[in-house]
Amino acid sequence: MVAIFQTGQPQTITDVLDNRDARVALQQQLLKQYPMQTLIAIKLNIPGPIKNNDQLRRLFSAGINRFYDQLKAQTRHFQTVTQWDKPTGNELFIVVELDPTAVKKN
């Protein structure tokens with residue numbers, strides 16, 4: 001499992017912080033654009049300088065596929081707004097017509 005972190009483009013703390021700022025800006029925009037919906041942001045918290053590669057993409061994809069299956073069991077009223085595949089990692093942003101507390105519990 002250690003090999004998963006040996007390939008990819010190393011990221012600096014500046015890269016990670018810049019990406020965090022971009023994520024916050026996008027989330028604020030989406031909350032204004034979809035004020036009556038719940039925003040779900042999914043990402044991996046990856047240790048070290050390698051934040052993305054083929055193995056991590058597959059891991060992320062498997063996780064979001066499982067998440068979508070669970071979400072579809074609760075509602076069909078959701079929209080994938082955008083998905084990022086950046087050197088700083090994969091991220092997915094979904095809006096859903098569910099109560100935030102219910103989303104968090106499940």
Side-chain angles (χ1 to χ4, degrees):
M1 191 76 165
V2 174
I4 194 170
F5 301 110
Q6 293 181 359
T7 62
Q9 181 181 346
Q11 299 298 293
T12 66
I13 189 67
T14 302
D15 297 329
V16 173
L17 293 175
D18 288 347
N19 186 70
R20 181 191 65 185
D21 292 343
R23 179 184 328 107
V24 169
L26 175 63
Q27 289 172 329
Q28 290 174 344
Q29 172 199 336
L30 294 175
L31 289 170
K32 287 178 186 173
Q33 188 175 349
Y34 301 96
M36 303 305 292
Q37 297 186 26
T38 299
L39 174 62
I40 301 171
I42 301 172
K43 66 184 210 67
L44 298 175
N45 289 320
I46 304 295
I50 303 297
K51 306 293 184 190
N52 200 358
N53 58 35
D54 288 338
Q55 292 171 304
L56 291 168
R57 273 186 213 94
R58 285 195 302 272
L59 176 66
F60 185 77
S61 181
I64 62 172
N65 286 337
R66 184 171 176 186
F67 180 82
Y68 276 129
D69 289 344
Q70 292 177 351
L71 184 60
K72 288 174 187 174
Q74 290 188 327
T75 184
R76 296 285 181 192
H77 301 283
F78 66 89
Q79 175 184 349
T80 299
V81 181
T82 192
Q83 184 171 346
W84 290 351
D85 180 6
K86 297 181 176 185
T88 50
N90 292 282
E91 301 186 46
L92 179 68
F93 302 89
I94 302 168
V95 290
V96 62
E97 293 180 16
L98 289 173
D99 177 71
T101 305
V103 171
K104 187 76 170 178
K105 283 183 181 180
N106 295 316

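Hydrogens, waters and symmetry mates are skipped; everything else that's a heavy atom, side chains included, is used. Every value quoted in this text rests on a predicted model; they were computed, and no experiment measured them.
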Sorted by chain and number, sequence neighbours left out, side-chain contact (heavy atoms from CB on, under 4.5 Å) with P47 holds for F5
How many angstroms lie between atom CD of E97 and atom CD of Q79, to the nearest 0.5 angstrom? 9.5 Å
Output the rest of the hydrophobic cluster of I13: all Ile, Leu, Val, Met, Phe, Trp and Tyr residues reachable through side-chain heavy-atom contacts under 4.5 Å, sorted by chain and number. L17
Could you pull out all residues at least two apart from D69 that satisfy side-chain contact (heavy atoms from CB on, under 4.5 Å)? none
List for me each residue that meets side-chain contact (heavy atoms from CB on, under 4.5 Å) alongside T7, sequence neighbours excluded, and say none if there are none. N53
Are F60 and I50 connected into the same hydrophobic cluster when the rule is that any two of I, L, V, M, F, W, Y join if their side-chain heavy atoms are below 4.5 Å apart? no
Side chain to side chain donor-acceptor pair (under 3.5 Å) partners for T82, two or more places apart: none
Side chain to side chain donor-acceptor pair (under 3.5 Å) with N45: which residues, sequence neighbours excluded? K43
Grab the two heavy atoms, one from Q27 and one from A41, that are nearest each other, plus how far apart they are. NE2-CB, 3.3 Å
Can you sort out the partners of D85 under salt bridge (Lys or Arg N to Asp or Glu O under 4.0 Å), two or more places apart, ordered by chain and number? R57
T80: side chain to side chain donor-acceptor pair (under 3.5 Å) partners, not counting sequence neighbours: Y68
Give, for atom CG of L56 and atom CG of N90, the distance between the pair rounded to the nearest 0.5 Å. 7.5 Å
Would you find a donor on one side and an acceptor on the other, under 3.5 Å apart, between the side chain of D15 and the backbone of T12? yes
Going by side-chain contact (heavy atoms from CB on, under 4.5 Å), name the residues that satisfy it together with P87, two or more places apart in sequence or in a different chain. Q9, Q11
Flag yes if L44 and I40 sit in one hydrophobic cluster, no otherwise; membership is Ile, Leu, Val, Met, Phe, Trp, Tyr, and two members link when side-chain heavy atoms are under 4.5 Å apart. yes
Show, in sequence, the C-alpha distance, side-chain angles and deciding distance for L98 and L71, and conclude whether the side-chain contact (heavy atoms from CB on, under 4.5 Å) test is met. CA-CA 10 Å; L98 289 173; L71 184 60; 4.2 Å; yes
Check which hydrophobic residues are tied to Y34 through side-chain heavy-atom contacts below 4.5 Å, counting indirect links as well, and list them. L26, L30, L31, L39, V81, W84, F93, V95
Can you see which heavy atom on A22 is nearest to which on K86, and at what distance? CB-NZ, 4.3 Å
Taking side chain to side chain donor-acceptor pair (under 3.5 Å) as the test, write out the residues that go with E91, two or more places apart. N19, R23
Is there side-chain contact between F78 and K72, with heavy atoms separated by less than 4.5 Å? yes
